[in-house]
Amino acid sequence: MLNLVLFGPPGAGKGTQATYLAKAYQLIHLSTGEILREQIAAGTEIGLLVKDTIQRGELVPDATVIDLIQDKLDKNPEAKGFLFDGFPRTVPQAEALDVLLVHYGRSVSAMLSLEVEKKELMARLMSRGTTSGRIDDADLAVIENRIQVYNDKTAPLIQYYSKAGKYEAINGVGTVQEITDRLRFYIDKLPLNKKSR
Ligand code: AP5
Ligand code: MG
């Protein structure tokens with residue numbers, strides 16, 4: 001069974017690719033960014049707590065996103081697998097995910113990291129900002145900060161998954177279809193043994 005972490009900086013194409021991969025491999029797509037935006041839109045207590053943080057391009061507390069992920073895992077015990085998008089984003093989140101998955105008899109199969117350079121990320125996000133309505137896409141300084149936060153707090157996860165032998169870098173520049181093909185080429189080579197359910 002597949003449990004994939006789709007990784008990469010803001011604008012790398014995680015959400016775009018997750019849509020295709022979730023369908024192709026029948027995985028449940030869990031984007032913490034999407035879940036948090038739903039909470040904001042619904043005006044929940046969590047939404048109210050995280051709105052300012054997201055608007056500044058900072059990370060919300062680890063405990064908040066870990067609880068949200070745990071809730072999704074609890075609600076989907078029969079899932080064939082999960083596709084994590086934008087989670088984990090810190091080493092404590094990665095450690096918590098490992099513990100949670102063990103509880104469900106699963107583990108991370110691979111961490112697929114979409115590599116895109118900053119100039120292209122900025123261009124993609126500024127372009128999307130004209131139509132997305134996302135509170136963190138509207139301001140150039142916030143987009144810059146999101147990329148900086150990724151470099152400072154999230155990029156260290158590359159080492160975490162490298163050590164576990166689960167890190168794979170994928171060129172994230174090209175057409176959407178080309179990148180899907182690159183990801184699928186790698187996923188199709190993964191051993192689907194019991195240990196990496
Ligand atoms: P989140 O929603 O995860 O946003 P992000 O990581 O900043 O990334 P994006 O969703 O902007 O980009 P993406 O990689 O999904 O790319 P996409 O496919 O959209 O997080 C938002 C915020 O929530 C965080 O800043 C934080 O505050 C909070 N948060 C979320 N998770 C958290 C966590 N675990 N811990 C703490 N805080 C958390 O593509 C981008 C654009 O490029 C689109 O317009 C797309 O059409 C275009 N595009 C895609 N592919 C291509 C291509 N191949 N060529 C050209 N354009 C392309
Ligand atoms: Mg996204």
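Both counts, for ligands and for their atoms, begin at 1 and track the order of listing.
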Inset, instruction - Kindly give the heavy-atom pair with the smallest separation between Ile158 and Met111, and that separation in Å. - result: CA-CE, 4.0 Å
If you count heavy atoms of other groups shown closer than 6.0 angstrom to [atom1] of [X], is the number above 12?
X	atom1	value
Lys72	NZ	no
Lys189	NZ	yes
Gln159	CD	no

Is there a polar contact between ligand 1 and [X], counting only N or O atoms under 3.5 Å apart?
X	result
Asp85	no
Gln93	yes
Gly86	yes
Phe87	no
Arg37	yes
Gln17	no
Leu125	no
Thr16	yes
Ala12	yes
Gly8	no

Contacting atoms of ligand 1, where contact means under 4.0 angstrom from a heavy atom of [X]:
X	result
Asp136	21 (C), 22 (C)
Val60	36 (C), 37 (N)
Pro9	14 (O)
Ile179	53 (N)
Gly15	13 (P), 15 (O), 18 (O)
Gly33	1 (P), 2 (O), 20 (O), 30 (C), 31 (N)
Gly174	52 (C), 53 (N), 54 (N)

Is there side-chain contact between [X] and [Y], with heavy atoms separated by less than 4.5 Å?
X	Y	result
Leu68	Gln39	yes
Leu114	Leu183	yes
Arg182	Ile179	yes

Selected option - heavy-atom contact closest to [atom], from [options]:
atom	options	result
atom 1 (P) of ligand 1	Lys14, Arg89, Glu34	Arg89
atom 48 (N) of ligand 1	Glu58, Arg124, Arg128	Arg124
atom 29 (N) of ligand 1	Ile147, Leu68, Leu36	Leu36

Legend entry - Working for side chain to side chain contact (heavy atoms under 4.5 Å, CB included), residues Leu27 and Leu4: CA-CA 9 Å; Leu27 306 174; Leu4 300 172; 3.9 Å; yes
Inset, instruction - Please determine if Arg128 and Asp137 form a salt bridge, counting it only when a charged side-chain N lies under 4.0 Å from a carboxylate O. - result: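 Here Arg128 pairs with Asp137 in a salt bridge, since their nearest N and O are under 4.0 Å apart.
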Inset, instruction - Identify whether the distance between the nearest side-chain nitrogen and carboxylate oxygen of Asp52 and Arg56 falls below 4.0 Å. - result: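 No salt bridge links Asp52 with Arg56.
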Inset, instruction - Using only heavy-atom distances, determine whether the side chains of Asp181 and Gln177 contain a donor-acceptor pair under 3.5 Å. - result: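 Short answer, yes.
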Legend entry - Test item: side-chain donor near acceptor, Tyr160 and Asp98, under 3.5 Å: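 There is such a pair (donor and acceptor under 3.5 Å, judged by atom type) between the side chains of Tyr160 and Asp98.
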Got the closest protein heavy atom to [atom], with its distance?
atom	value
atom 31 (N) of ligand 1	Thr32 OG1, 2.7 Å
atom 4 (O) of ligand 1	Arg134 NH2, 3.1 Å
atom 12 (O) of ligand 1	Gly11 N, 2.9 Å
atom 7 (O) of ligand 1	Arg146 NH2, 2.8 Å
atom 16 (O) of ligand 1	Gly13 N, 3.1 Å

Legend entry - Atom pair CG/CD of Asn145 and Glu58 - distance to nearest 0.5 Å: 4.5 Å
Inset, instruction - State the CG-NZ distance between Leu121 and Lys118, to the nearest 0.5 angstrom. - result: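 Leu121 CG to Lys118 NZ: 9.0 Å, rounded to 0.5 Å.
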Inset, instruction - Applying side-chain hydrogen bond (donor to acceptor under 3.5 Å, both in side chains), name anything that partners Tyr167, two or more places apart in sequence or on another chain. - result: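 Tyr167: no side-chain hydrogen bond (donor to acceptor under 3.5 Å, both in side chains) contacts found.
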